[in-house]
Amino acid sequence: MSTTTSALGGVIRRKEDPALIRGRGRYVDDIKRTGELAAAFVRSPFANARINSIDVSAATAMAGVHAVYTIDDVRHLGPLIAQVPVGKLRPLLADGAVKHVGEAVAMVVADNRYIAQDAVDAIFVDYEPLEAVVDLKDAASDRVKVHDDLDSNVLLAWVGHEWWADVIAVEDPRPKIEEAKQRDDAVIVELEMVNQRLIPVAIEPRSVVASWNEGYERFEVYSSSQIPHALGGAIAKTFGLASNAVHVRAPEVGGGFGCKLNVYPDEILVCFASMRLHRPVRFTETRRESAVSTIQGRGWVATATLTGTPDGRILGYELRALTDMGAYSQNFTVAIPLLGLWVSAGQYDIPAYFEAKCVVTNTQTTDAYRGAGRPEALYYIERMIDAYAREIGMDPAEVRRKNYWKNDQFPAVNNTGLAIDSGDYETNLDKLLEMADYEGLKRMQAEARAEGRYIGIGLSTYLEICGFGPSVLSEIGFGWNNYGLPSSFSGSGLVRVNPDGSATVIIGTGPSGQGHETTWAQIASSVLGITTDKIRVSHGDTAESPMGVGTFGSRSAAVDGTATYEAAVKVRDKAAEIAAHLMEAAPEDIRFADGGAHVVGTPGRVVTWEEIADVAYRPHRGPDGLDAGLEAHAVFSPGNATWPFGSHIAVVEVDPETGNVEFLRYIGIDDCGNVINPMIVDGQVHGGIAQGVGQALFEEAIYDDAGNLLSGSLIDYPIPTAGDLPSFELGRTVTPTDVNPMGVKGIGEAGTIGSAQTIVNAVVDALAPLGVKHIDMPLRPRKVWQAIQDARG
Amino acid sequence: MTVNGKAVSGSVEPRTLLVHFLREDLLLTGTHVGCESGYCGACTIHLDGVPTKSCMVLAAQADGCDVTTIEGLAKNGDLHPVQEGFWERHGLQCGFCTPGMIMSAAGILAENGSPTEAEIRHGLEGNLCRCTGYHNIVRAVEYAAAKMRGEEPAPPEWETDLV
Ligand code: FES
Ligand code: FES
């Protein structure tokens, strides 16, 4: 059976927007609970110190203060649960020592935030400062240890061919690479490059409000989370409750980008306080606090070596990285570099060696930030391909083309032993070069250079891995097992046609702006033929959805979207039986479109969804033996991840007098397989590119040697403004995947994974006549200016 | 003060910010708090007709002023052209910056009915958006400007429109 109309692939305006543009959207901080109290935290000013004593007496005595808690009150709850518990787990409050600036030491609960803050200021902590270690190489040497009870600051090393040696056998690429290096004509390029630490800066600060009802023995929690089910699991496990005794909702969430893909101590502590005080308790972080209380991302220092022939054939690529974990491990912390490993060789069929050491430092924890490991990995390979192309004097587009996986090689098993599902890299590149008028750009550049102008053309391609599967990956931590929710990263979709013929779709995602209400309505509509305005989509609610993995890793459409598609098919098949009964036809001949069912070849006869639902909920009117109701749930466990890809070009002009970088054009061709709503897909790419631009040009979490975060405000940590960015020129190629029935891959992170290196390649290209080979990000004017001065001697 | 056309009064502590008064006393939660320090613009309202960051104003300072918040922008249920533009041109994703962004954009168009792309971008520099890359925000403001001039807005950039 198939549908006669499809809402897939077309643009409908977002169902989310009418509330949001009127100021009627409800974010966590907009949802007030009767009698709620406000929490605030005493945070460490030291990156490494012993705590000799904490004096809370003055704060406790203040009017309007309900409680002050320290580790002694919550030690019995154990440390914060992490999904990948390698390294030092974070105590809920500092336990005798602090290991980074901003670590929570004590919690105040008061009538309101003003009083809570006054009480925080009245708490005296006696610290004994110790030497901190911030620099990655320094930390990796174990000269200063961050935690006395860990053997080393180096927690583990991810190695490309060994990451899952018991299951996937991959040949060690190093002998081949060594052999290549011995060739007489070997061209070897090596660069040490920093992929700097970033602060995610969702515009909505994190917020959580928890309320314990002793009578019902139930928590009600609202949190600005990308993973409400995992949070519910963590709360249940911490307090020894069943998962259905914790109702977590993530209402509107104001941007996530990975920073809300975590369980935070404050989320557990407001629950604890609510249980003690019998009042709802809220915590909303301030912007400055967010910089140290919410995870950061990236933070790699790596040496990349590329070996090739003089005519552009790459014979070996090696990346040896130190990656910064921060002080404590939270949700996925040490797993992030693994995501980079999987795409470390990009779109290329080359021998590649990858090694990433996970190093603890006296800084805030790192974890997933948009792209999570993949932008770092692609940055290195794509910077190196450019450096190599320059070295051998070959066009960087041609070097890439020469080393691509070819179409007849898919599924292509890469250097990590995983199979890339599908790809068509040349078509994608050709389309980009054509849309950009690459040859014309090169002519324009040559003319500009003759006039003494510094114009650069930066090209980069990317490979992404998302929609993680197969489900067997849960055996190495890819699931919510540690939160007491045995699961892989399967998708969940529940589709219900209501008695009045409208439909409700309940999914396990936790979006923060990705437009799931719209996209999922389109998915269900395409199967059921119910118009999207009659479909309501609910997400981020642990009481509604039996399971939920959340929204991250560009996974939602490919995994939860597929589950919804499959659930909708089940509902449709059942409805077909009812419709067939009503129209005295065979179920195989029923088609759904335009709000009802009709018999193939007889378009005039229609039974509406109202009529079908009427029978479904009053089964005596239906065929004998009808299983009443019109609802189905599906769990989809993908057989493989999906592997989107794309190519981007940036054209920039560098002002040699100021070092300022100005965009002339930015062009991207992305391939995320089939597209459900092109408007939403393009919007995801726009935002993704903007974050890549932020990393390339502006953003850096700067710590001084003592571990102080020097860039904790939006003035010191400038994210791109409207005036910093150009309009983007986007196009796409469509290479569907066969991993799921809709052929969709994922697009949330693509723009970020593809862009930072594109821009750096462009700036280095602009300055190539001066002999500049590399500048570390962010390419702020002063740094670029300095590189120009150094190159000019 | 007058808020969205209605006279309101209340007594607040001297240190209460206008944004907290709007959100907590008047329950107008469409005005958002992203930084409480004047950088992000999520709290932008119109104070006597001028786009203003309400986290930088004490409630007491706004005594006697005319305040318009995002909730008061649509008149008689009709969206302001800027609101319509944001919907029609996908000018928002998470929506958190959106109320402030819309208030600022409405301010730009009140001053200049035919802004260039550069003028729109410059005019929005005090409002941060982490989701959209601003591309569609600029398209949304261009849409609204055309509408306010009584012209047909440029068609959207995407190809397959189902509505
Ligand atoms: S909250 Fe007012 S500018 Fe950010
Ligand atoms: S839409 Fe999310 S910050 Fe602008």
Side-chain angles (χ1 to χ4, degrees), chain A residues 7 9-14 16-27 29-30 32 114 200-205 252-257 284 286-288 512-515 678-680 682-691 693 713-715 719-723 725 727-728 730 751, chain B residues 13 15-16 23-24 27-37 39-40 42 69-71 73-74 79 83-84 86-88 90 92-99 102 117-118 120-139 156-163:
Chain A
V11 169
I12 63 167
R13 304 297 181 270
R14 294 206 323 169
E16 288 84 348
D17 292 357
L20 301 177
I21 56 178
R22 289 181 170 90
R24 302 292 180 190
R26 306 255 288 158
Y27 301 81
D29 208 42
D30 304 336
K32 292 291 172 222
Y114 292 88
V201 193
I203 303 297
E204 179 203 27
E252 300 293 352
V253 175
F257 319 114
T284 300
T286 65
R287 175 58 54 192
R288 199 170 257 286
S512 48
Q514 296 86 346
M679 174 186 85
I680 288 179
D682 287 352
Q684 289 297 305
V685 177
H686 294 150
I689 295 171
Q691 287 181 13
V693 172
S713 80
L714 290 171
I715 278 286
I719 68 169
T721 69
L725 297 174
S727 282
F728 307 114
L730 300 187
Chain B
E13 270 195 67
R15 62 178 170 175
T16 304
R23 289 177 52 81
E24 282 158 31
L27 304 179
L28 294 170
T29 55
T31 302
H32 295 155
V33 178
C35 71
E36 261 178 44
S37 48
Y39 302 136
C40 78
T69 70
I70 186 71
E71 291 92 341
L73 199 61
L79 294 177
Q83 289 172 306
E84 189 185 317
F86 271 67
W87 192 8
E88 287 291 328
H90 191 28
L92 63 153
Q93 291 182 23
C94 80
F96 198 78
C97 72
T98 307
I102 287 176
E117 171 165 353
I120 295 170
R121 287 182 178 275
H122 180 66
L124 293 176
E125 275 176 341
N127 291 76
L128 299 177
C129 176
R130 195 58 153 166
C131 296
T132 64
Y134 306 99
H135 180 102
N136 282 336
I137 289 178
V138 175
R139 300 293 91 79
E157 290 172 348
W158 45 84
E159 58 287 7
T160 21
D161 222 335
L162 289 185
V163 183

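Below, chains carry the letters A, B, ... as their sequence lines are ordered, and counting in each starts from 1. None of the values given here were measured: they were computed from a predicted structure.
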Side-chain donor-acceptor contact under 3.5 Å, B:Arg139 with A:Ser727: yes
Reported CE-to-CD distance for the pair A:Met679 and B:Glu157, which is rounded to 0.5 angstrom: 12.0 Å
Engaged part of A:Gln514 at the chain B interface, taking heavy atoms whose separation is under 4.5 Å: neither
Best-contacting candidate, A:Ile715, A:Leu730, A:Val253, A:Ile689, against chain B by heavy atom pairs under 4.5 angstrom: A:Ile715
B:Tyr134 (side chain) donor-acceptor with A:Pro720 (main chain) under 3.5 angstrom: yes
Contact winner vs chain A - B:Gly30, B:Cys94, B:Pro99, B:Gly133, heavy-atom pairs under 4.5 Å: B:Cys94
Option in B:Thr16, B:Ile102, B:Leu92, B:Val33 with maximal non-hydrogen atom pairs under 4.5 Å from chain A: B:Leu92
Partner chain A: residue of B:Glu24, B:Glu71, B:His122, B:Glu84 with the largest heavy-atom pair count (under 4.5 Å): B:Glu71
Test item: A:Leu714 and B:Cys40 side chains (from C-beta on) under 4.5 Å apart, heavy atoms: yes
Derivation and outcome, side-chain hydrogen bond (donor to acceptor under 3.5 Å, both in side chains), residues A:Thr286 and B:Glu36: CA-CA 8 Å; A:Thr286 65; B:Glu36 261 178 44; over 6 Å; no
Derivation of the side-chain contact (heavy atoms from CB on, under 4.5 Å) call for A:Glu204 and B:His32: CA-CA 8 Å; A:Glu204 179 203 27; B:His32 295 155; over 6 Å; no
Side-chain touch A:Asp17/B:Phe86, heavy atoms, less than 4.5 angstrom: no
Residues A:Asp30, B:Arg23; criterion side-chain contact (heavy atoms from CB on, under 4.5 Å); working and verdict: CA-CA 8 Å; A:Asp30 304 336; B:Arg23 289 177 52 81; 2.8 Å; yes
Chain B interface, residue from A:Phe257, A:Tyr114, A:Phe728 that has the most non-hydrogen pairs under 4.5 Å: A:Tyr114
Beyond-backbone contact of A:Ile719 with B:Leu128, side-chain heavy atoms, under 4.5 angstrom: yes
Side chain B:Trp87, main chain A:Arg14, donor-acceptor under 3.5 Å: yes
A:Ala722 backbone acceptor or donor facing B:Arg121 side chain under 3.5 Å: yes
Heavy-atom proximity to chain A below 4.5 Å, by part of B:Leu79: side chain
Side chain A:His686, main chain B:His135, donor-acceptor under 3.5 Å: no
Side chain, backbone, both or neither of B:Glu88 within contact of chain A (heavy atoms, under 4.5 Å): both
Side chains of B:Ile70 and A:Arg22 in contact at under 4.5 Å (non-hydrogen atoms): no
Under 4.5 Å from a heavy atom of chain B, the part of A:Leu725 involved: both
Whether B:Phe96 and A:Tyr27 hold their rings parallel, tilted or perpendicular, with breakpoints at 30° and 60°: perpendicular
B:Arg130 side chain vs A:Pro200 backbone, donor-acceptor pair below 3.5 Å: yes
A:Glu16 versus B:Gln93, side-chain donor and acceptor atoms under 3.5 Å: no
Contact winner vs chain B - A:Asp682, A:Leu20, A:Val685, heavy-atom pairs under 4.5 Å: A:Leu20
Among A:Gly683, A:Ala202, A:Gly515, residue most engaged with chain B (heavy-atom pairs, under 4.5 Å): A:Gly683
Heavy-atom closest pair, residues B:Cys131 and A:Gly255: SG-CA, 4.5 Å
Audit row: A:Thr721, B:Leu124, side-chain contact (heavy atoms from CB on, under 4.5 Å) steps and yes/no: CA-CA 8 Å; A:Thr721 69; B:Leu124 293 176; over 6 Å; no
